[in-house]
Undergrad: 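Quick one: the structure is below, and I'll ask about it shortly.
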Amino acid sequence: MLEKRYDFLAVEQKWQDYWNEQKIFKFAPKKNQKVYSIDTPPPTVNGKIHVGHLSSYTHIEIMARHKRMMGEAVYFPFGYDDNGLPTERYVEKKNKIKAYEMQRHEFIELCLKEAHELEKDFYKLYKTGGFSCELDNTYSSISQNTQKISQKSFLDLLEKGYIYHAESPVLWCTECRTAVAQSELDTQELESVFNHIKFYIEGSKKFATVATTRPEMLPACVCVFVNPNDKKNAHLVGKNLVVPHFGFSVPVLTDDLVQIDKGSGIVMCCTFGDNVDKEWQRKHNLPIKECFNNGGIMTALAGEFKGMHISKARGAIIARLKEEDLLIKQEPIIHAVATHERCGTPIEIAVKKQWFIDVLTHKKQIYQAGLDLNWYPESMRARFLNWVENLQWNWCISRQRFFGVSFPVWFCEGCGKVITAKKEDLPINPLIDKPKTACACGSKNFTPEYDVMDTWATSSLTPQLSLDLITGEGLSDTMIPMSLRPNAHDNIRVWDFYTVVKSLYHFGKLPWTDLMISGFITSGDGGKLGKSKGNTDLTPQEVISKYSADVTRYWAGGLSLGRDTCFALDAFDNGKKLLNKIWNASRFVLSFLEGYKPRAVKLMPIDEWLIAKFEKLQSKFIEFMDRYDIALALNELEKFFWDFCDNYIEIVKDRLYKPEIHGEKEKESAQFSAYTVLNGLLKLFSPFMPHITEEVYMHAFAQDENAKSLHMSLYANIKKQDYSIIEKGNELVAIVQEIRKKKSLAQVSMKAKIASVAIKSNNLDFIKSAEKDLIAVGSIEAITYEKGEFFAEIGEIVKE
RNA sequence: GGGAGUAUAGCUCAGUUGGUAGAGCGCCUGCCUUACAAGCAGGUGGUCGUAGGUUCGAGUCCUACUGCUCCCACCA
């Protein structure tokens, strides 16, 4: 017998340990078995875990368990993304240090140590959440093996000509002192000032007014632009203007991009103040002037302002312009500024020698991949396509940082040539290892590449990383495309995009066939629950220990894909009720199944009705699940389950209790259908609530099915039923409901007797077959039947 | 400015191929019914954002508009 109360803490722990010990979820495909492989998101190891993690991983989890129950071999790997800037930023903040102020190897060791600590928390969370990924066979994005795979990828793309090394304007973070990629930008509304400044025409007392928000860029001014159709300023074209305070002259050129009615219609171009400057530099072949260094400190170009930080120089230069009567007016404005997502610092554009992966010339191919992938929900496709269409920068993969994968590259000191490592020697660290042979020019002296790779250059290889855990090198691409890439919508332009690029370039194939995109869990005020922000009260561990993993999963399973959801505890209360109901319904049904072994019997029509309804529900459920409509599948399942409890069980209750009145065969018929449907229901609920369903299943059904775990069994195999019986049975339920209504309105007990019920129906055979059940459930004294359109007239309540 | 999502009961939301508006919570009225009072039965509550259109029939499809949210662009 099952205990009266369900003790979720003990039960969940018990089965988690059992699954672990028995290796229930280990990937072990049988011959010809269909494989369902998941490119699991490796959590970014950079801070606290939040409930958003729980919900998105639960979606993946539910799909993994569903596919197992469908008989597929599920590969559900796990890994940690612990390389790169996110982890570095976390370590710097936590220890109040700056990477560039430390010994490189000391900083790297510290990162490894901190990452390892954080990973323990993730491990614990995924285990107590009942997640069925392979937690004990994981990859780490900083491991030696990962570095090997990542360096190989680099060499492969370099060979194929997708990667190039060039001095070029890049997006630069002066706080992190590294180049960053377009996808790492945030937009912030910042207060600023539009400064109208006098540029004197060379050799004249007249001046042109230039409006700028970035006066500190004046020393890097290379020219001034006006629109070619601007009549008002046409007289300036071809003349030279004197850059205020700094005193050097720049030419006035024309370009269509200048908006005639914005500011004075005269724009200064500095290399580089913004994106447009970058465009102009290329288009007009302008000189490049850098007025600040890696850390955002003004260079000698800035004269007396040398040594100031950009933000300070701005004020100082304005003050000086005022003194020299070169400032006409100042307008405060609020404008959008691109900032670095990791630190919030406004992004600069600087010219640096960097490694790039060419994406701009392959836009079409990448766009096509967006069309070829299956997106769930479908609307997420547009975000991918939109991003690809709007790409402006090639993917800069070098970072002037420390904790990351090295480039397997040296530069020859003799001729400057790039020397690459041999693939068989990987992984290598160019700072320690040396090329084995001299350069073709004869030189034996090499400078290592000090930069490390962008974290996404490695994360974009997760299909290879996770497949490497099981297939070993070389075999990975036979399992590509993988079945599923799951992630939240913020990663479409980042992780999804980069992985598609890499897969196309390496294999000429899509990395996966399906994408399942979840939404964010937001806090009450609608803000995103960022893992690095930690703005929620309840930690995932607290939620699970308070409500159980099953209830938490129920909550997550009910969320719509792709949509942000406000974190609310209501759904947890519903889940608790459902858990309780599953427990009690199981207890009740099983109390009539002691010693019962299912065997084929002639079923009473109402029992057949139940099985037909269940079969219909199950096929609907599977249909929804297979198209990642998890919430809808759960919804249908729940509806059926409550109906099963409140109607079916109530109707057959008396038959199970009193075979002396109803007959033994009739009792067995009820036993058969209750056995079949409860077992089937446990299986359908199991992806959502794996612990309680396992507890009941192992207690009652596992032996009969010779199964080691519910999660190694399959969904019920029920032959396609005749659904027309469903309508007939529904009439019976309708009669019961009419009787209940009458009693409820009369405010009497459900046990109160009803003198008579007059039933009109065209399915009298069916209804008559359940007469004894009906009499018992309704406490009816007399029933009359008449053929005709369905109607039930409930007689008087008998006063005791 | 470009793209997308969303608007349904007091609240949170579901609504599949177009076919009589749903669930939970809340509120109200009852019921200790040999699984469950952490339960059960019943009830209250909605011109489905606005205006048109297609259709025998529209919450669902089409057009326009409005509110909210997100992504991209916008740094002179």
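In this text the structure is predicted, and so the values were computed from the model without any measurement. Order of the sequence lines sets the chain letters (A, B, ...), proteins ahead of strands, with each chain counted from 1. Atom set for the values below is all heavy atoms of this structure, side chains included, hydrogens, waters and symmetry mates excluded.
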Undergrad: Which whole-number value in Å describes the distance from A:D654 CG to B:rU33 C1'?
TA: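 Computing the A:D654:CG to B:rU33:C1' distance gives 12 Å.
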
Undergrad: Please report the interatomic distance OG(A:S518) to CE(A:M380), rounded to the nearest 0.5 Å.
TA: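 These two atoms lie 9.0 Å from each other.
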
Undergrad: Let's see if you can work this out: which of B:rC36, B:rC72, B:rC74 has an atom nearest to the side-chain heavy atoms of A:A336?
TA: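 Between B:rC36, B:rC72, B:rC74, the one nearest the side chain of A:A336 would be B:rC74.
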
Undergrad: Once salt bridge (charged side-chain N to carboxylate O under 4.0 Å, His left out) is applied, what residue pairs with a partner in residues 636-645 of chain A remain, sequence neighbours excluded?
TA: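 Sorted result for residues 636-645 of chain A: A:K613-A:D643, A:K620-A:E636, A:E636-A:K639.
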
Undergrad: Could you state the atom-to-atom distance from CG of A:N574 to C1' of B:rG26 in whole Å?
TA: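 Result: 12 Å.
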
Undergrad: Heavy atoms under 4.0 Å, any strand shown: does A:E279 hit a base, just sugar-phosphate, or nothing?
TA: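 Touches nothing.
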
Undergrad: Return whichever of A:S749 or A:G265 has its heavy-atom-nearest nucleotide of RNA chain B closer to the 5' end.
TA: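 The answer here is A:S749.
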
Undergrad: With a non-hydrogen cut-off below 4.0 angstrom, is A:C269 in contact with a base, only sugar-phosphate, or nothing?
TA: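 Touches nothing.
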
Undergrad: Return whichever of A:K577 or A:Q737 has its heavy-atom-nearest nucleotide of RNA chain B closer to the 5' end.
TA: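 With A:K577 and A:Q737 compared, the 5'-side residue is A:K577.
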
Undergrad: Which one, B:rA73, B:rC40, B:rC74, comes nearest to the side chain of A:D646?
TA: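 Out of B:rA73, B:rC40, B:rC74, the nucleotide with an atom closest to A:D646's side chain is B:rC40.
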
Undergrad: By the 4.0 Å heavy-atom rule, please label A:E638 as base, sugar-phosphate, or nothing.
TA: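 No contact.
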
Undergrad: Rounding to an integer number of Å, can you tell me how far A:M750 CE sits from B:rG42 C1'?
TA: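 The answer, rounded to whole Å, is 7 Å.
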
Undergrad: Going 5' to 3' along nucleotides 3-18 of chain B, which nucleotides have protein heavy atoms under 4.0 Å from the base (write B), which only from the sugar-phosphate (write S), and which from neither (write -)?
TA: -SSS-------SSB--

Undergrad: Nearest whole Å is fine: how far is B:rG42 C1' from A:N647 CG?
TA: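 A:N647 atom CG is separated from B:rG42 atom C1' by 14 Å.
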
Undergrad: Got a second to check how far A:F567's CZ is from A:L559's CG, nearest 0.5 Å?
TA: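 That separation rounds to 10.0 Å.
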
Undergrad: With A:D564, which residues qualify under side-chain contact (heavy atoms from CB on, under 4.5 Å), at least two apart?
TA: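 For A:D564 the side-chain contact (heavy atoms from CB on, under 4.5 Å) partners, ignoring immediate neighbours, are A:H489, A:F520, A:T522.
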
Undergrad: Tell me whether the OP1 or OP2 atom of B:rC74 has a side-chain N or O from A:N275 closer than 4.0 Å.
TA: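 Checking A:N275 against B:rC74: at least one side-chain N or O falls below 4.0 Å of OP1 or OP2.
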
Undergrad: For A:W280, report the nucleic acid contact type (base, sugar-phosphate, nothing); a contact means any heavy atom under 4.0 Å.
TA: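 Contact class for A:W280: none.
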
Undergrad: Once you apply a heavy-atom cut-off of 4.0 Å, does A:V258 come out as touching a base, just sugar-phosphate, or nothing?
TA: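 Base contact - A:V258 has a heavy atom under 4.0 Å of at least one base atom.
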
Undergrad: When you measure from every atom of RNA chain B, which of residues 738-747 of chain A have a heavy atom less than 4.0 Å away?
TA: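 Nucleic-acid contacts, sorted: A:R740, A:K741, A:S744, A:L745, A:Q747.
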
Undergrad: Distance between the C1' atoms of B:rC71 and B:rC11, in whole angstroms?
TA: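 The same atom, C1', in both gives a distance of 29 Å.
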
Undergrad: Applying salt bridge (charged side-chain N to carboxylate O under 4.0 Å, His left out), name anything that partners A:D626, two or more places apart in sequence or on another chain.
TA: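 A:D626: salt bridge (charged side-chain N to carboxylate O under 4.0 Å, His left out) contacts with A:K67.
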
Undergrad: Kindly write out the residues that satisfy side-chain contact (heavy atoms from CB on, under 4.5 Å) with A:D274, not counting sequence neighbours, or none if the list is empty.
TA: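 Testing A:D274 for side-chain contact (heavy atoms from CB on, under 4.5 Å), a comparison that skips the adjacent residues, returns A:V276, A:D277.
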
Undergrad: State the CD1-CG distance between A:I517 and A:N487, to the nearest 0.5 angstrom.
TA: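 Answer rounded to 0.5 Å: 4.5 Å.
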
Undergrad: Take atom CG of A:D186 and atom P of B:rC75, then tell me their distance rounded to the nearest Å.
TA: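 Checked: the CG to P distance equals 17 Å.
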
Undergrad: Could you check whether atom NZ of A:K283 has more than 12 heavy atoms from other residues, nucleotides or ligands sitting under 6.0 Å from it?
TA: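 Yes, enclosed.
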
Undergrad: For A:N584 and B:rU33, give me the distance from atom CG to atom C1', rounded to whole Å.
TA: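 The answer, rounded to whole Å, is 14 Å.
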
Undergrad: With A:K653, which residues qualify under side-chain contact (heavy atoms from CB on, under 4.5 Å), at least two apart?
TA: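 Applying side-chain contact (heavy atoms from CB on, under 4.5 Å) to A:K653 gives A:F588, A:E650, A:Y657.
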
Undergrad: For A:E184, check side chain to side chain donor-acceptor pair (under 3.5 Å) against everything at least two apart and list the hits.
TA: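 Applying side chain to side chain donor-acceptor pair (under 3.5 Å) to A:E184 gives A:R399.
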
Undergrad: In whole angstrom, give the distance that lies between atom CZ of A:F272 and atom P of B:rC75.
TA: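 The distance from CZ of A:F272 to P of B:rC75 comes to 15 Å, rounded to the nearest Å.
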
Undergrad: Among pairs that include at least one residue of residues 375-393 of chain A, which meet salt bridge (charged side-chain N to carboxylate O under 4.0 Å, His left out), considering only residues two or more places apart or in two chains?
TA: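 Salt bridge (charged side-chain N to carboxylate O under 4.0 Å, His left out) check on residues 375-393 of chain A returns A:E378-A:R381.
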
Undergrad: In chain order, what residues pass the salt bridge (charged side-chain N to carboxylate O under 4.0 Å, His left out) check against A:R563, with sequence neighbours excluded?
TA: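 With sequence neighbours excluded, A:R563 shows a salt bridge (charged side-chain N to carboxylate O under 4.0 Å, His left out) to no residue whatsoever.
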
Undergrad: When you compare B:rG49 with B:rU60, how far apart are their C1' atoms, in angstrom units rounded to a whole number?
TA: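 Between the two C1' atoms, the distance is 16 Å.
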
Undergrad: Could you summarise the pairing of RNA chain B as dot-bracket text, marking Watson-Crick and G-U pairs under 3.5 Å with ( ) or [ ] inside the strand and | across strands?
TA: (((((((..((((.....[..)))).(((((.......))))).....(((((..]....))))))))))))....

Undergrad: Which residues pass the side-chain contact (heavy atoms from CB on, under 4.5 Å) test with A:P251, not counting sequence neighbours?
TA: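 Listed in chain order: A:C223, A:N240, A:L253.
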
Undergrad: Can you check the A:H489 NE2 to B:rC72 P distance for me, whole Å?
TA: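 Taking atom P of B:rC72 as the reference, NE2 of A:H489 is at 11 Å.
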
Undergrad: What is the nucleic acid contact for A:E650, judged by heavy atoms within less than 4.0 Å: base, sugar-phosphate only, or nothing?
TA: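 The residue A:E650 makes base contact.
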
